[in-house]
Amino acid sequence: MSIELTLPDEQVLKLESPLTVADAVGAIGEGLRRRAIAARLDGKLMDLHTALTENGRFEVLTDRDEDSLAVLRHSTAHLMAWAVKELFPGARFAFGPDVENGFYYDILADAPFTPDDLTTIEQKMKELARTKVPFTKRSMGRDEAVALFSEQGQNFKAEHIGDLPEDEEIFLYNVGEFTDLCGGPHVQNTSIIKAFKLMSVAGAYWKGDEKREQLQRIYGTSWFKAKDLTAHLEMLAEAEKRDHRKLGQKLELFGIKEEAGSGLVFWYPKGAVLREQVENHWKAEHRKRDYQLVVSPHIFRGELWQTSGHLDYYADDMYTFEQDDQLYVVKPMNCPGHILIFQSDLKSYRDLPLRYAELGTVYRYERSGTLHGLLRVRGFTQDDAHIFCTPDQLVDEVEKLITFSKELQETFGFVEFKAELSVRDSQNTDKYIGSDEEWAEAEQALRVALDRVGLEVERMEGEAVFYGPKIDIKLKDALGRLWQTTTIQFDFNLGRRFNVQYVDADGQHKHPYIIHRALLGSIERFIAILTENFAGEFPLWLAPVQVAILPVSAPYRDYGQKVYETLRNAGIRVELNERDEKVGAKIRNAELQKIPYMLVVGSREMEESSISVRSHKNGDEGSSPIDDFVKRVLDEIAAKS
RNA sequence: GCCGACGUAGCUCAGAGGUAGAGCAGCUGAUUCGUAAUCAGCAGGUCCGCGGUUCGAAUCCGCGCGUCGGCUCCA
């Protein structure tokens, strides 16, 4: 029998079976055979020793393909499991997949792994890898496989076989003494696994269920080349340097105080300036787009949260207290407030679309283990808005929102975005509020709007919240990391619960569509993202201190004071360093604080009524008349660049 | 919330049953200096909190709080 393989260049390769994938790769070229990691037949990944039995589009993966990395990492996970089995014979293995940048394996061990254990395991892996042991695959009957794993005490594997679809073939992979339930593919042998490192160990639940066993998850990273591993570790070191929690401390931006409670942020003067700039810009941009800014109280009576449904769903996650036998709730959302404002008078279709925006500070009791710097807190300020509109205004409004989101974030220097469209789980529509028509219409509106803006979008089946479909937009930062900021959510629930209405042209009372949205997400979170993106080197318009004036020595302080006043009166955020230090030390301090401009003033400058400019970006830039410098700075601030 | 690690001066960290240490920052004084750290002195601590073991606990044990890495969760 012959097999026809269509190669990426459309060439058709005819081969006689029986043959393996490796044979086919060898037929294309011997050099390729040596470099091949795996192959793809009609999009399906297979390893090299698999028998080829069907025709199809055939693609060879070498160590240059992204997908090969996944294969390598998955194989590294197996190698690690083997090493663990050697060192800890009682270990029971759960899942061990590849993940972004690496892999993990969930293991139930007699005792938790220590950092020393990781070192030992890593050494063992290196030792085992050098023996150049092959990965081999075989098929096995279900009952036989369950019996095999049960007999070995591998109850997680045995359990998982029972969870696999009836018609799925069961495969086992062997590497050395380790046998795993696994579909593959894997690298040919362990000699390819060279550049890896075990990173950390953490708890993880079996099958992600917090009611099930908690396992030890060992994370590792793996690469084809040592220099890729080094580059990855350097990237992690760079990310650590940019950690907003560290920079927040060093640059005196904010702090979280144990004595005040976790997840609650104190904004120091410099951080408060950052916030102020972000918020001012945000407000101005909303006014430009016909939003009305509103302010709602921080606490509402409990009944309101009964009406909204939050008290039923989230009672344990809300801060509540009683006063005069009356339950009050510290608001975890702004929506009910905006609805009350909407209902303050009878609304006409002529009033729509109506856009209420508020930088609304909300409080939610987040579980202690989830808190993380400014990224996950218990008190935060949503850049919230609610849009009330008619059905035929829907698409336009959503399109405006997406465009607004992009424009707003672009000002902060972000240029790349990814969108996710979350829709309901079509298998399980009962748990969602709203009719099929509403869901269809809303999803259509979101989709059309996304198309119009031309944003890349991924459909997320079953990821919608119970009350409506949503679009989430993620930005990509300077290190290529994605951060979710914008969320645009339909709400079929609150309008009904509060009976929100407007009078249409035909005199009928109707429910408006309600869209809930945040563009930056929360101010706290967004400032964390900004801090990490810029590594604390904020653009001039955001910089807490824009200019530092550094007199060379005491006799020039008065002149420095004059320059200070000129800049301050021009609206520039400026600091005068009057300390009794050498100018080198003053520069060092200003550089460490990442202040964009430093002005050195001494005798020369005093005589010429000038200043010497040093920028954080370029270093010494030479002298300049004061007025020229003021203009330059004001222009740069205005450009928000 | 769960698993693990950690918590010492404002910050970064050393110390490990027997009087609590360094650097930076702070204060005082000297110095008056030209593009990333001038010198000297002084001060600074419930060693996260509460219990326990011990003649004696920052150190060992228990509980609590907090931080970190994950898991789970995220209206």
Side-chain angles (χ1 to χ4, degrees), chain A residues 104 106 108-109 111-115 117-118 199-219 240 243 245-246 249-250 252 255-263 305 308-318 331-336 362 364-373 375-378 380 382 465-468 470 484 487 489 491 493-494 516 521-522 525 550-557 579-593 598-605 612-616 618-623:
Chain A
Y104 66 77
D106 285 347
L108 186 65
F113 296 111
T114 65
D117 290 337
L118 290 198
M199 305 299 289
S200 62
V201 57
Y205 301 105
W206 167 235
K207 300 224 162 184
D209 183 347
E210 61 182 322
K211 292 185 188 70
R212 298 292 308 264
E213 297 90 329
Q214 185 147 33
L215 314 165
Q216 299 294 314
R217 173 173 297 181
I218 303 178
Y219 279 95
E240 205 180 312
D243 190 317
R245 292 166 299 188
K246 285 189 182 167
Q249 162 95 277
K250 267 193 197 145
E252 301 165 4
I256 293 170
K257 305 287 171 186
E258 181 175 346
E259 58 269 45
S262 46
W305 302 103
S308 74
H310 289 100
L311 214 44
D312 290 337
Y313 282 99
Y314 297 109
D316 291 345
D317 306 325
M318 305 196 299
K331 68 173 172 183
M333 295 199 81
N334 301 300
C335 340
V362 299
R364 299 174 182 179
Y365 175 79
E366 302 282 358
R367 298 213 274 174
S368 62
T370 65
L371 300 172
H372 182 97
L375 292 172
R376 190 78 181 268
V377 287
R378 287 182 174 154
F380 58 100
Q382 290 182 312
V465 207
F466 73 92
Y467 52 74
K470 63 170 180 175
Q484 199 210 305
T487 184
Q489 311 187 339
D491 194 328
N493 184 42
L494 284 182
H516 170 107
S522 87
R525 187 179 155 79
L550 316 175
V552 169
S553 61
Y556 315 109
R557 276 180 198 161
R579 298 166 55 96
D580 208 358
E581 289 171 330
K582 288 189 172 179
V583 74
K586 293 182 185 180
I587 285 169
R588 181 161 196 275
N589 287 331
E591 291 283 7
L592 289 175
Q593 285 296 303
M598 290 147 274
L599 304 183
V600 176
V601 293
S603 60
R604 262 195 331 263
E605 289 76 14
S612 265
V613 181
R614 178 187 168 97
S615 71
H616 182 67
N618 307 321
D620 193 350
E621 295 186 3
S623 74

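Just so it is clear: chains get the letters A, B, ... in the order the sequence lines come, proteins before strands, and each one is counted from 1.
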Undergrad: With rounding to whole Å, what would you report as the distance between B:G52 and B:G69 at their P atoms?
TA: 35 Å
Undergrad: Expressed in whole Å, how much space separates the P atoms belonging to B:C6 and B:G62?
TA: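 Per the computed distance, 13 Å lies between those P atoms.
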Undergrad: According to the Watson-Crick and G-U wobble definitions, with both distances under 3.5 Å, which nucleotide is paired to B:C50?
TA: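 Here B:C50 is engaged in a pair, and the nucleotide opposite it is B:G62.
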Undergrad: Rounding to a whole Å, what distance do you find between A:Asp117:CG and B:C3:P?
TA: 19 Å
Undergrad: Mind checking the C1' distance from B:C48 to B:U8? Whole angstroms is fine.
TA: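 The same atom, C1', in both gives a distance of 10 Å.
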Undergrad: For A:Ile218 and B:G4, give me the distance from atom CD1 to atom P, rounded to whole Å.
TA: 15 Å
Undergrad: When the distance from CD of A:Gln249 to P of B:C24 is rounded to whole Å, what number comes out?
TA: 18 Å
Undergrad: Say you pick atom P in B:U59 and the same atom in B:C47; how far apart are they, in whole Å?
TA: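 Approximately 9 Å lies between the P atom of B:U59 and that of B:C47.
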Undergrad: Does A:Tyr365 have any ring pair (Phe, Tyr, Trp, His ring centres under 6.0 Å) partners at least two apart in sequence or in another chain, and if so, which?
TA: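 For A:Tyr365, no residue satisfies ring pair (Phe, Tyr, Trp, His ring centres under 6.0 Å) once neighbours in sequence are set aside.
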Undergrad: Please confirm whether the shortest side-chain N or O distance from A:Arg245 to OP1 or OP2 of B:G69 is below 4.0 Å.
TA: yes
Undergrad: Excluding sequence neighbours, so at least two apart, what forms ring pair (Phe, Tyr, Trp, His ring centres under 6.0 Å) with A:His310?
TA: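 Only A:Trp305 meet the ring pair (Phe, Tyr, Trp, His ring centres under 6.0 Å) criterion with A:His310.
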Undergrad: Distance check, P atoms only: B:G56 and B:C73, in whole angstrom units.
TA: 50 Å
Undergrad: To the nearest angstrom, how far is A:Gln593 atom CD from B:C24 atom P?
TA: 18 Å
Undergrad: Are A:Arg378 and A:Ser368 side-chain neighbours, meaning at least one heavy-atom pair lies under 4.5 Å?
TA: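 Yes, side chains in contact.
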Undergrad: How long is the span from the CD atom in A:Glu581 to the OG atom in A:Ser553, to the nearest 0.5 Å?
TA: 13.0 Å
Undergrad: Can you tell me, in whole Å, how much space there is between the P of B:G64 and that of B:A5?
TA: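 Rounded to whole Å, the distance is 15 Å.
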Undergrad: Tell which nucleotide pairs with B:C42, taking only Watson-Crick or G-U wobble pairs whose two distances are both under 3.5 angstrom.
TA: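 For B:C42, the partner nucleotide comes out as B:G26, under the 3.5 Å rule.
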Undergrad: Go through the structure and list residues passing salt bridge (Lys or Arg N to Asp or Glu O under 4.0 Å) with A:Glu240, not counting sequence neighbours.
TA: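 Once residues adjacent in sequence are excluded, the partners of A:Glu240 under the salt bridge (Lys or Arg N to Asp or Glu O under 4.0 Å) criterion are A:Lys246.
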Undergrad: Between A:Gln382 and A:Ser522, is the side chain to side chain donor-acceptor pair (under 3.5 Å) condition met? List the steps.
TA: CA-CA 4 Å; A:Gln382 290 182 312; A:Ser522 87; over 6 Å; no
Undergrad: Does B:C68 have a Watson-Crick or wobble partner in any strand here, with both distances under 3.5 angstrom, and which is it?
TA: B:G4
Undergrad: Send over the distance from A:Asp243 CG to B:U67 C1', rounded to a whole Å.
TA: 12 Å
Undergrad: Do the side-chain N or O atoms of A:Ser368 get closer than 4.0 angstrom to the phosphate oxygens (OP1, OP2) of B:G1?
TA: yes
Undergrad: Tabulate atom names and distances for all N/O pairs under 3.5 angstrom spanning the protein and nucleotides 71-75 of chain B.
TA:
| unit_1 | atom_1 | unit_2 | atom_2 | d |
| --- | --- | --- | --- | --- |
| B:C71 | O4' | A:Gly203 | O | 3.1 |
| B:C71 | O2' | A:Tyr205 | N | 3.1 |
| B:C71 | N4 | A:Gly369 | O | 3.4 |
| B:U72 | O2' | A:Glu210 | OE2 | 2.7 |
| B:U72 | O2 | A:Arg367 | NH2 | 2.7 |
| B:C73 | O2 | A:Arg376 | NH2 | 2.7 |
| B:C73 | N3 | A:Arg376 | NH1 | 3.2 |
| B:C74 | O2 | A:Arg376 | NH1 | 3.3 |
| B:A75 | O4' | A:Tyr314 | OH | 2.8 |
| B:A75 | O3' | A:Tyr467 | OH | 2.8 |

Undergrad: Does B:U35 have a Watson-Crick or wobble mate here (both distances under 3.5 Å), and if so which one?
TA: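 Partner of B:U35: none found under 3.5 Å.
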Undergrad: If a protein heavy atom is under 4.0 Å from the base, mark B; if only from the sugar-phosphate, S; if neither, -; do that for nucleotides 33-48 of chain B going 5' to 3'.
TA: BBBBBB----------
Undergrad: Applying side chain to side chain donor-acceptor pair (under 3.5 Å), can you list everything that pairs with A:Arg604, at least two apart in sequence or on another chain?
TA: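 Checked A:Arg604 against side chain to side chain donor-acceptor pair (under 3.5 Å); zero matches.
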Undergrad: In a check of side chain to side chain contact (heavy atoms under 4.5 Å, CB included) between A:Cys335 and each of A:Leu494, A:Asn493, A:Asp491, which one passes?
TA: A:Leu494
Undergrad: List for me each residue that meets side chain to side chain contact (heavy atoms under 4.5 Å, CB included) alongside A:Gln216, sequence neighbours excluded, and say none if there are none.
TA: A:Pro112, A:Phe113, A:Val201
Undergrad: Just the rounded figure in Å: distance from P of B:A25 to CD of A:Glu252.
TA: 13 Å
Undergrad: Roughly how many Å apart are B:G21 and B:C68, using the P atom of each and rounding to a whole number?
TA: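 That atom pair is separated by 31 Å.
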Undergrad: Say you pick atom C1' in B:U35 and the same atom in B:U28; how far apart are they, in whole Å?
TA: 29 Å
Undergrad: Taking CG from A:Leu108 and P from B:G4, how many angstroms apart are they, rounded to a whole number?
TA: 12 Å
Undergrad: List for me each residue that meets side chain to side chain donor-acceptor pair (under 3.5 Å) alongside A:Asp243, sequence neighbours excluded, and say none if there are none.
TA: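 Only A:Arg245 meet the side chain to side chain donor-acceptor pair (under 3.5 Å) criterion with A:Asp243.
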Undergrad: Residues in side chain to side chain donor-acceptor pair (under 3.5 Å) with A:Tyr219, at least two apart?
TA: A:Arg217
Undergrad: Which part of the nucleic acid, if any, lies within contact of A:Arg557, taking any heavy atom under 4.0 Å across all strands shown: a base, the sugar-phosphate backbone alone, or nothing?
TA: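 No contact at all - A:Arg557 keeps every heavy atom at 4.0 Å or more from the nucleic acid.
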Undergrad: With a 3.5 Å limit on both atom pairs, tell me what B:G18 is paired to, counting Watson-Crick and G-U wobble, or say none.
TA: B:C55
